[in-house]
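Each remark here refers to the structure printed beneath this line.
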Number of protein chains: 2
Amino acid sequence: MYIQLLYMKELQDILHSTSNLSASKAAVISVFYVNNVIKESILNDLKPFDLSIEQFNVLRILRGQKGKPLNLQDIQERMINKMSNTTRLVDKLIKKNFVKRNICEQNRRKVEIVITESGLDILKELDDKIINTEKNITSQLTSEELKQLNTLLLKINN
Amino acid sequence: MYIQLLYMKELQDILHSTSNLSASKAAVISVFYVNNVIKESILNDLKPFDLSIEQFNVLRILRGQKGKPLNLQDIQERMINKMSNTTRLVDKLIKKNFVKRNICEQNRRKVEIVITESGLDILKELDDKIINTEKNITSQLTSEELKQLNTLLLKINN
DNA sequence: ACATTACATTTGTATATACAATTGTTGTAT
DNA sequence: ATACAACAATTGTATATACAAATGTAATGT
């Protein structure tokens with residue numbers, strides 16, 4: 001765990017203070033930390049498969065398409081990070097044979113990306129691990145608290 | 001805003017489902033998204049000053065020392081990302097004259113880093129902007145909800 | 001038909017990050 | 001005193017990311 005005791009103390013102080021300013025600062029910092037904790041554990045699951053988190057996300061996005069292809073723009077839009085280089089990310093997935101790439105005949109500017117059998121297989125293998133990790137991460141929360149957290153995070157996104 | 005409507009719909013579906021598995025998945029994904037939204041806005045504040053978020057954090061850590069120096073290990077421990085290269089990050093801050101670097105006389109293996117006047121000035125300039133951004137990010141939440149959110153995030157970190 | 005603009009992806013380049021190996025310094029055991 | 005291990009920071013290298021410019025394709029106006 002990379003959270004430092006020193007930092008935790010500061011955060012708790014902020015939390016117990018009455019200031020609203022500090023509360024938003026604490027939330028921002030906490031999100032950074034939690035994000036990091038999550039990233040570390042998921043990356044750990046992905047490491048044996050030589051996948052980055054974004055590559056994993058793109059695979060899941062493509063699986064969600066159930067065979068329908070997506071072009072690079074569509075993929076980019078659905079990615080968590082508005083990353084600038086979907087081309088190179090997809091190139092890496094192609095090299096690993098997890099996705100296929102065709103030029104769209106209707107509009108030759110576009111390329112169509114589809115997940116392969118091998119890509120689906122690797123996702124299947126990963127599913128259980130990831131679900132387990134997600135459960136572990138949130139294991140400190142009751143299901144009621146988890147629901148609360150989701151509601152609050154969703155509000156921030158709107 | 002980089003959150004896609006499509007994604008938001010999925011998230012809400014998960015949220016309204018009863019499955020606990022889905023709830024932890026939703027939380028994990030939401031944290032990623034919120035983290036990204038926050039990162040974007042703070043990075044936007046920092047851009048005019050040519051600072052990355054970690055560089056900004058290191059400056060704040062050093063300010064918190066109130067003159068007492070920190071060596072690279074101490075800095076690394078307090079950083080949000082357990083980044084591997086504090087040397088190079090600090091080098092950049094030195095180039096910008098925001099921090100100073102001395103070799104520790106008691107233990108010549110260590111280097112002592114202190115924030116400069118110029119570093120303090122830039123932080124002062126940034127303080128208001130960042131506070132404002134933090135308020136904006138959490139503006140959808142009441143102060144009660146904000147407190148809840150902080151409590152929940154803190155639980156995950158423990 | 002031709003030029004112009006918009007579109008979709010790719011390529012180039014600079015910077016950031018992750019991880020391993022190296023350098024120089026200190027502490028410790030014999 | 002010497003050798004060896006532990007420590008703190010730096011350097012090297014490969015990969016990832018951010019942003020800008022370039023390439024190739026399609027749509028539009030005259």
Side-chain angles (χ1 to χ4, degrees), chain A residues 2 32 35-36 39-59 69-96 99-114, chain B residues 2 32 35-37 39-59 62 69-96 99-114:
Chain A
Y2 301 106
F32 279 158
N35 182 74
N36 231 259
K39 227 178 80 183
E40 298 278 344
S41 14
I42 292 193
L43 223 47
N44 203 43
D45 290 339
L46 297 181
K47 196 164 286 176
F49 300 90
D50 188 32
L51 286 174
S52 72
I53 290 184
E54 275 302 347
Q55 287 174 24
F56 175 58
N57 276 328
V58 168
L59 283 182
L70 276 179
N71 60 43
L72 292 181
Q73 274 195 331
D74 294 337
I75 292 174
Q76 185 158 20
E77 274 177 6
R78 286 171 171 78
M79 278 162 57
I80 290 174
N81 300 310
K82 59 146 189 114
M83 246 243 320
S84 40
N85 228 317
T86 316
T87 300
R88 280 193 272 247
L89 190 152
V90 167
D91 278 351
K92 275 159 212 156
L93 291 175
I94 291 172
K95 257 187 207 151
K96 295 167 196 161
V99 305
K100 261 188 320 200
R101 196 197 110 107
N102 300 309
I103 288 167
C104 172
E105 279 312 314
Q106 281 74 44
N107 185 342
R108 293 169 45 73
R109 286 173 297 188
K110 296 188 180 183
V111 295
E112 292 176 336
I113 311 295
V114 194
Chain B
Y2 299 106
F32 279 158
N35 182 74
N36 230 259
V37 170
K39 226 178 81 181
E40 298 278 344
S41 13
I42 292 193
L43 223 47
N44 203 45
D45 289 340
L46 297 180
K47 197 164 286 175
F49 299 90
D50 188 31
L51 285 175
S52 72
I53 288 183
E54 275 302 347
Q55 286 175 24
F56 176 57
N57 276 328
V58 168
L59 283 182
L62 290 170
L70 276 179
N71 61 41
L72 291 182
Q73 275 196 331
D74 294 337
I75 291 175
Q76 186 159 18
E77 274 178 5
R78 287 172 171 77
M79 278 163 55
I80 290 175
N81 300 310
K82 61 149 188 109
M83 245 243 321
S84 41
N85 228 316
T86 316
T87 301
R88 281 193 271 248
L89 190 152
V90 167
D91 278 350
K92 275 159 212 156
L93 291 175
I94 292 172
K95 257 188 206 152
K96 295 169 196 159
V99 306
K100 260 188 320 200
R101 196 198 111 107
N102 300 310
I103 289 167
C104 173
E105 280 311 316
Q106 282 74 44
N107 186 342
R108 292 168 48 70
R109 286 173 295 187
K110 296 188 180 182
V111 296
E112 292 177 334
I113 310 295
V114 192

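Letters A, B, ... mirror the listed sequences (proteins, then strands); counts begin at 1.
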Could you check how far [atom1] of [X] sits from [atom2] of [N], rounded to whole Å?
X	N	atom1	atom2	answer
B:I53	C:dT17	CD1	P	10 Å
A:E40	C:dA18	CD	C1'	11 Å
A:R108	D:dG24	CZ	P	12 Å
B:Q76	C:dA18	CD	P	10 Å
B:Q73	C:dT26	CD	P	15 Å
B:D91	C:dT17	CG	C1'	15 Å
A:N85	C:dT9	CG	C1'	10 Å
B:R101	D:dA9	CZ	C1'	8 Å

Point to revise | Closest-nucleotide ordering on DNA chain C, the 5'-leading residue of A:K39 and A:N71 | key: A:N71
Check your understanding: Hey, which of these two, B:R88 or A:D74, hits DNA chain C nearer its 5' end, going by closest nucleotide?
Key ->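 It is A:D74, whose closest nucleotide lies nearer the 5' terminus.
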On a heavy-atom basis, which atom in [X] and which in [Y] lie closest, and how many Å separate them?
X	Y	value
A:I94	A:V99	CG1-CG2, 3.6 Å
B:I113	B:L62	O-CD2, 3.6 Å
A:V114	A:P69	CG2-CB, 3.8 Å

Review point. Checking B:K92 side chain against B:Q55 main chain: does a donor-acceptor pair fall under 3.5 Å?
Key: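 Pair absent, no side-chain N/O of B:K92 close to backbone of B:Q55.
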Exercise for review: Assess whether atom NZ of A:K100 is packed by more than 12 heavy atoms of other residues, nucleotides or ligands within 6.0 Å.
Suggested key: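 Atom NZ in A:K100 is not crowded, with 12 or fewer foreign heavy atoms closer than 6.0 Å.
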Check nucleotides 14-16 of chain D against the protein and report each pair of N or O atoms closer than 3.5 Å, with its distance, or say if there are none.
| residue | atom | partner | partner atom | Å |
| --- | --- | --- | --- | --- |
| D:dA16 | OP2 | A:K92 | NZ | 3.0 |

Check your understanding: Do A:M79 and A:L89 have side-chain heavy atoms sitting under 4.5 Å apart?
Key -> yes
Practice item. State, yes or no, whether a side-chain contact exists between B:R78 and B:L70 at a heavy-atom distance under 4.5 Å. Key: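 Yes - at least one pair of side-chain heavy atoms lies under 4.5 Å apart.
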Review point. Hey, does the side-chain of B:R109 have a donor or acceptor N/O within less than 3.5 Å of a partner on the base of C:dG27?
Key: no
Review point. So, is B:K47 close to the D:dA18 phosphate, meaning a side-chain N or O under 4.0 Å from OP1 or OP2?
Key: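 Looking at the OP1 and OP2 atoms of D:dA18, neither is under 4.0 Å from any side-chain N or O of B:K47.
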Check your understanding: Out of D:dA8, C:dT9, D:dT10, which has the shortest distance to the side chain of B:T87?
Key ->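 For B:T87, the side-chain atoms sit closest to D:dT10.
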